[in-house]
**Student:** 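Structure provided below as structure tokens; questions to follow.
Counting begins at 1 with the first residue of the sequence.
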Amino acid sequence: MRMNETTLVLLLFVLFSFSFHITEGAFGRWQTLQTSIGVSAMHMQLLNTDRVVIFDRTDFGKSNLSLPDGKCRNDPNDTALKIDCTAHSVEYDVVSNTFRPLMVQTDVWCSSGALTPDGTLVQTGGFNDGERRVRIFKPCSTGGCDWLEIEFGLAARRWYATDHILPDGQVIVIGGRRQFNYEFYPKTTSSAKNPYSLPFLVQTNDAKIENNLYPFVFLNVDGNLFIFANNRAILLDYTKNQVLKTYPQIPGGDPRSYPSTGSAVLLPLKNLQAQLIEAEVLVCGGAPKGAYVQAVNGNFVGALKSCARMKITDPNPTWVMEDMPLARVMGDMTLLPNGNVLIINGGAAGTAGWEYGRDPVLSPILYRPDKLIGSRFEVQNPSSIPRMYHSTAILLRDGRVLVGGSNPHIYYNFTGVLFPTDLSLESFSPQYLDAQFSNLRPKIVSPPSQSKVSYLNKLAVRFTVSGATLLPGSVAVTMVAPSFTTHSFSMNQRLLVLSAESMTSLGKSTYEVRVTTPGSGILAPSGYYLWFVVHQEIPSDGIWVQIQ
């Protein structure tokens, strides 16, 4: 039966509490996209061109992909190969399922990155001669763009640091090996040219192990930064270099940061026009205290099963604990368009580091944050490829998750080892992409992809649903910031639920929902986002929208 053509006012206070529920069980489909892209996907970033910049490191020796036109990298500082005519970075075209080599000059091993408001990838740090480099990759429609390097773009050496885009368009770079400070890029004032001390990183540094690298960083709804390292967190006013709040330690005290390597997400932000907006952080998995030293000595301790969740905006926040069905270290946590979290990759024992992980966890887990404790987790169908140390996962515009990487060795090593270097790419399709849900799947008609919108803007999103009548409260509009993902943390990952005032049936299975964009760059830093219409937990393909 067709919805009548009157306007229905939909109060979307429970946008994700849909009446439709996917059947319990093991779900999702895997597909091999490329058996080899020539490099291992240690770092990945989706661009608004639907291309993914992928790279590993330059001191692995020769990769399996030659540079074009006789190009060679001549690096007298390289520890493996001074002259290398192979690529260590590629640009993967999602739509055509093709890739091309890129030329990175200095070592990007264990580096970090963020997208600027115009969609440019700013990539910072690395190892050896890459420690103070800033690399720029500006997307281009011709497909001929490549890396540009800035030799002393950073004030301090940054290896295992975390980047986050800020409301003013600057990138903050936090921490790194033996760096207990932060800095900004680009440098806007003379005073910003030097790093700012962050004693919290000293306090969370475990002797000879660290356990505070690649800190989990999220822009809070008050404009300050939530920074998690080891087993606890602070709220930092980075403009004044002042710690505003110290959060409690996670119960049990086990470390969650590299090399103990759990993962974390900022859960979906809702009710964006409310006076007080709640923000919650979820931290899952990792390795128990002492696991790294044990792994170095050949004893691989079982990974953690626990997740810790906290409302970081509460006056007196506390961690709420729950257990995953599967223990996991070196897992990635990816926000899906419908607000659920996919936990993927990693192992069930050991830690991050060379040869220190064991027992691959092949089955992803789906986490539904709006369900009650005890009913949030669901085990998904397994992959056949172990994704151990140096694996990655990112969300694509069509709702699939791109998965790649795994190289727990000092060099490329394809034979005679427990977990060979993996150069493949595969995709995981969550169950919402199954054909059985095609009648529920929306298709966005307008605005067109690559549209520009402003803050606090009233906007009509038009979409079709061909085979089902829309139920009150069953439609949501979400916007997802694409992440820079490496070492089990997706930097800058963010999902917002837009306020919706009304929905209108336009006939012929076409509808229009009116939404209000976020109020400022504090909630949604300026830049490109993937927008989705979600109907009964089934998302449309996304469109690119730039908010500014």
**Student:** Applying side chain to side chain contact (heavy atoms under 4.5 Å, CB included), name anything that partners Pro420, two or more places apart in sequence or on another chain.
**Tutor:** Val417
**Student:** Who passes side chain to side chain contact (heavy atoms under 4.5 Å, CB included) against Glu210, sequence neighbours left out?
**Tutor:** Arg177, Asn205, Asn212, Leu213
**Student:** State whether the side chain of Asp129 and the backbone N or O of Asp107 hold a donor-acceptor pair below 3.5 Å, judged by distance alone.
**Tutor:** yes
**Student:** Taking the six-membered ring for Trp, are Tyr412 and Phe414 parallel (under 30°), tilted (30 to 60°) or perpendicular (over 60°)?
**Tutor:** parallel
**Student:** Is the ring pair Tyr367/Phe377 parallel, tilted or perpendicular, if the boundaries are 30 and 60 degrees?
**Tutor:** tilted
**Student:** Got a sec, which pairs hit ring pair (Phe, Tyr, Trp, His ring centres under 6.0 Å) with one end in residues 282-311, sequence neighbours left out?
**Tutor:** Tyr292-Tyr356
**Student:** Holding to side chain to side chain donor-acceptor pair (under 3.5 Å), I want the full list of residues that pass it with Asp206, two or more places apart in sequence or in another chain.
**Tutor:** Asn211, Asn230
**Student:** Would you mind listing every salt bridge (Lys or Arg N to Asp or Glu O under 4.0 Å) that reaches into residues 279-291, with sequence neighbours excluded?
**Tutor:** Glu280-Arg309
**Student:** Could you name each residue pair satisfying salt bridge (Lys or Arg N to Asp or Glu O under 4.0 Å) that touches residues 156-172, not counting sequence neighbours?
**Tutor:** Arg158-Glu183
**Student:** Mind jotting down which residue pairs meet the ring pair (Phe, Tyr, Trp, His ring centres under 6.0 Å) criterion with at least one end in residues 221-259? Sequence neighbours excluded, please.
**Tutor:** Tyr160-Tyr258, Phe216-Phe228, Phe226-Tyr247, Tyr258-His487
**Student:** Give me each pair satisfying salt bridge (Lys or Arg N to Asp or Glu O under 4.0 Å) with a member in residues 250-261, each pair once, sequence neighbours excluded.
**Tutor:** none
**Student:** Mind checking what makes side chain to side chain donor-acceptor pair (under 3.5 Å) contact with Lys62, not counting sequence neighbours?
**Tutor:** none
**Student:** Can you run down the disulfide (SG to SG under 2.5 Å) pairs that involve residues 197-241, sequence neighbours left out, and say none if there aren't any?
**Tutor:** none
**Student:** With sequence neighbours left out, which residue pairs that include part of residues 113-128 fulfil the salt bridge (Lys or Arg N to Asp or Glu O under 4.0 Å) condition?
**Tutor:** Asp118-Lys138
**Student:** Residues in ring pair (Phe, Tyr, Trp, His ring centres under 6.0 Å) with Trp544, at least two apart?
**Tutor:** none
